Peer 1: 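My questions will all concern the structure given below.
Keep in mind that what you see is a predicted model, and the values were worked out from it rather than measured.
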Amino acid sequence: VETWYDQSGNSRDAVQTTTSEQPKLASSGTLETDANGKITMLFDGTDDDLDLPSTVISSLDSVSAFNVCSSSTTSGVKVALGLSRSQGSPSAKRHYLPLLTSAQFFHSYDNHFADSSQKLADADTNQHLFSSVAGSSTAKGFFDGTEKFSETSVSTYASNTAGGIGSTNGTLNWQGDISEIIIYNSDQTSDFDAINTQIKSY
C-alpha cells in the first residue's frame with residue numbers, strides 16, 4: 001500500500017513512497033484478511049508504516065480516534081497509531097493508540113508511557129477496537145467500546161516527522177493487522193458511543 005486515501009474529502013492521505021516500508025494488502029497473490037474475513041493491511045513490525053500529514057489533528061484536547069487492529073505478537077514495544085509524538089522534556093505530547101509493551105495494551109496520552117493508569121488490557125493477538133476522545137477538559141481511552149481511563153486533557157501537539165499509522169515518528173513499528181482508522185480533529189463525545197457501536201457492528 002503506497003497510499004491510504006482519506007475518505008473525508010479533506011485529502012489528508014496517509015502515504016509511504018518507500019516500497020520496502022509499505023504495508024501489504026496481499027501476499028503471494030492472496031488478500032490479507034482479518035479475523036472477520038474483511039480485507040486488512042499487514043505491517044511487518046520492522047519498518048512498515050504510512051506517513052500521516054501534520055494537519056490530521058491540531059491539539060490533544062480536540063481529537064477523537066478509532067483504530068481496529070490486531071497484533072501478531074504480545075512482546076516488544078509497538079505502536080499502531082501515533083497521532084502525536086513525544087518531544088523534549090517533559091515528553092508531554094504523546095497520543096499512541098494503542099501502545100503495546102510489557103505484554104499489555106496502553107493508550108499513552110500526554111507525558112505517560114505505559115503508565116498503569118492508562119492500561120487498556122492485557123495484550124493478545126485478537127482483533128480489537130481501540131478508541132479515544134479528548135475535549136477541552138477530559139481525555140478518555142476505550143477498549144472494545146468500554147471506557148478504561150479518564151484524565152485531564154492537555155492542550156499541546158507535536159506532529160510526526162514520519163509514520164503515524166503503523167508507528168510513531170517512524171519507530172516502534174506495529175507488527176500485525178490494521179483494518180480501520182478513523183480520526184476526527186474534534187471532540188466527538190456526543191457521538192462517541194454511536195461511532196463505537198457502528199464500528200464494532202461492522
Peer 1: Which residues satisfy the ring-ring contact (aromatic ring centres under 6.0 Å, His included) test with F143, sequence neighbours excluded?
Peer 2: H128, F130
Peer 1: With a 4.5 Å heavy-atom cut-off, do W4 and L52 have their side chains touching?
Peer 2: no
Peer 1: Is I195 close to Q188 at the side-chain level, that is, under 4.5 Å between some pair of heavy atoms?
Peer 2: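 They are in side-chain contact.
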Peer 1: Is there a donor-acceptor pair under 3.5 Å between the side chain of N160 and the backbone N or O of N169?
Peer 2: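 Between the backbone of N169 and the side chain of N160 there is a qualifying donor-acceptor contact (under 3.5 Å).
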Peer 1: Can you see whether S75 engages T73 through a side-chain donor-acceptor pair at a distance of less than 3.5 angstrom?
Peer 2: yes
Peer 1: Do N185 and S58 have side-chain atoms, one donor and one acceptor, less than 3.5 Å apart?
Peer 2: yes
Peer 1: Could you pull out all residues at least two apart from F66 that satisfy ring-ring contact (aromatic ring centres under 6.0 Å, His included)?
Peer 2: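 F66 satisfies ring-ring contact (aromatic ring centres under 6.0 Å, His included) with F192 once adjacent residues are dropped.
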Peer 1: Going by side-chain contact (heavy atoms from CB on, under 4.5 Å), name the residues that satisfy it together with S155, two or more places apart in sequence or in a different chain.
Peer 2: S59, D61
Peer 1: Which of these, D122, L99, T74, D124, sits in a side-chain contact (heavy atoms from CB on, under 4.5 Å) with F105?
Peer 2: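 Only one option passes, and that is D124.
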Peer 1: Between OG of S167 and CG of D47, what distance do you get to the nearest 0.5 Å?
Peer 2: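 These two atoms lie 10.0 Å from each other.
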Peer 1: According to ring pair (Phe, Tyr, Trp, His ring centres under 6.0 Å), does anything in residues 6-51 pair up with another residue at least two apart or in another chain? List the pairs.
Peer 2: none
Peer 1: Checking the side chain of N36 only, and the main-chain atoms of K38 only, is there a donor and an acceptor separated by less than 3.5 Å?
Peer 2: no
Peer 1: For Q22, give me all partners under side-chain hydrogen bond (donor to acceptor under 3.5 Å, both in side chains), at least two apart in sequence or on another chain.
Peer 2: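 Expected list: none.
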Peer 1: Starting at CD1 of I183, measure out to CD1 of I165 and round the result to the nearest 0.5 Å.
Peer 2: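 Separation between the atoms: 5.5 Å.
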Peer 1: Indicate whether the side chain of D177 and that of S179 have a donor and an acceptor atom separated by less than 3.5 Å.
Peer 2: no
Peer 1: Let me have the donor-acceptor pairs involving side chains of residues 131-142, under 3.5 Å, with sequence neighbours excluded, atom names and distances please.
Peer 2:
from: S131; atom 1: OG; to: N196; atom 2: OD1; distance (Å): 3.0
from: S132; atom 1: OG; to: H95; atom 2: NE2; distance (Å): 3.2

Peer 1: Would you indicate whether the side-chain heavy atoms of F149 and E147 approach each other to under 4.5 Å?
Peer 2: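 No, too far: nothing below the 4.5 Å cut-off.
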